[in-house]
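Just below is one structure, and these are the notes that go with it.
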There are 2 protein chains.
Amino acid sequence: MTQGLLLVDHGSRRASANALLDEVAERVRAKLGESALVEPAHMELAEPTLAQAFARLVERGATEVVVVPYFLSPGRHATEDVPRLAREAAAAFPDTPHRVAPPLGPHDLLDQLVLVRFRE
Amino acid sequence: MTQGLLLVDHGSRRASANALLDEVAERVRAKLGESALVEPAHMELAEPTLAQAFARLVERGATEVVVVPYFLSPGRHATEDVPRLAREAAAAFPDTPHRVAPPLGPHDLLDQLVLVRFRE
């Protein structure tokens, strides 16, 4: 089994904002090493779309896809829009199961990060 | 010296979204104990505003205010709008210095959190 991590943020009209997610994906890829494939995607406003990233993961050999919403809270985007787009993307690959992880927050690591920013 | 932590997010028309920041502020408050005062605020769309939270911190005894932008990236909101609102709020309290911290991301703790969500 080869897992694919599909990291999806909101997406922006500003290329610099979208590039930040590429950098997160690159760092996550470095942490994971050979243990999983990683592709970034944007929910809207920019490519790669979630469907493009899903297809790319399957092309690269992923046999299971985990979609991680890069959002701070379980709002509508993370809990409805991203899961819907993931279902639509997955429909083209019936042999590749997928699941959608919770968004980043709330989480103790975020609370810790607030304190890091406060103290530095 | 009593530090005040002013935690500011974007703000939403949905009360449930705004309430999430109150919960983060509450947990951060619990971690800080007596060492600092904490007030949440919303950049727009909801109260308390940044100015209201700044005034509240001074009323409660803060002699210095650190504004922490609860944003994932150093986009326009975190690097321009929040600092401008902070300057405007601080103008009413010339004896209370303030600084604006970097936004949450990019940071290694966020990269770690992506892996936590991927693996759980």
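Here is the naming used below: chain letters follow the sequence lines, and residue numbers restart at 1 for every chain.
- Neither the backbone nor the side chain of A:Ala25 comes within less than 4.5 Å of any heavy atom of chain B.
- Atom CZ of B:Arg76 and atom OG of A:Ser12 lie 9.5 Å apart (nearest 0.5 Å).
- Just one of B:Arg27, B:Glu23, B:Glu26 meets the side chain to side chain contact (heavy atoms under 4.5 Å, CB included) condition when paired with A:Asp111; it is B:Arg27.
- Counting all heavy atoms, side chain and backbone alike, B:Gln3 lies closest to A:Phe118 at OE1-CZ, 3.4 Å.
- Residues B:Pro102 and A:Glu120 approach most closely at CG-OE2, 3.4 Å, considering heavy atoms.
- Rounded to the nearest 0.5 angstrom, A:Leu109 CG and B:Leu110 CG are separated by 8.5 Å.
- Within the 4.5 angstrom heavy-atom criterion, only backbone atoms of A:Pro103 (N, CA, C, O) approach chain B.
- Transitive grouping of hydrophobic side chains (ILVMFWY, heavy atoms separated by less than 4.5 Å) brings B:Leu85 and B:Val65 into a common cluster.
- B:Val114 touches chain A through backbone and side chain together, each having a heavy atom under 4.5 Å away.
- Taking CD of B:Gln112 as the start and CD of A:Gln112 as the end, the distance is 8.5 Å to the nearest 0.5 Å.
- Residue contact with chain A, scored on non-hydrogen atoms closer than 4.5 Å, involves the backbone and the side chain of B:Leu113 alike.
- Smallest separation of non-hydrogen atoms from A:Arg117 and B:Arg99: O-NH1, 4.3 Å.
- Heavy atoms closer than 4.5 Å to chain B are found in both the backbone and the side chain of A:Tyr70.
- Note on A:Leu50: it does not cluster hydrophobically with A:Leu20, by side-chain heavy-atom contacts below 4.5 Å among ILVMFWY residues.
- Ranked by non-hydrogen atom pairs under 4.5 Å with chain A, the options B:Leu32, B:Leu21, B:Leu5 are led by B:Leu5.
- Across A:Arg14 and B:Gly75, no two heavy atoms sit closer than the pair NH1-CA, 4.0 Å.
- The cluster map of Ile, Leu, Val, Met, Phe, Trp and Tyr, joined by side-chain heavy atoms under 4.5 Å apart, puts A:Val8 and A:Val38 in different clusters.
- Hydrophobic clustering of Ile, Leu, Val, Met, Phe, Trp and Tyr side chains at less than 4.5 Å, counting indirect connections, keeps A:Val66 apart from A:Val82.
- Looking at A:Val67, neither its backbone nor its side chain comes within 4.5 Å of chain B, counting heavy atoms on both sides.
- For chain B, the nearby part of A:Leu7 is the side chain; its heavy atoms alone come within less than 4.5 Å.
- Ranking A:Pro106, A:Ala17, A:Ser73 against chain B, the residue ahead of the rest is A:Pro106, based on heavy-atom pairs under 4.5 Å.
- Hydrophobic clustering (ILVMFWY, side-chain heavy atoms < 4.5 Å, transitive): B:Phe54 and B:Val28 are in distinct clusters.
- Atoms CG and CG, on B:Leu104 and A:Leu72 in that order, are 6.0 Å from each other to the nearest 0.5 Å.
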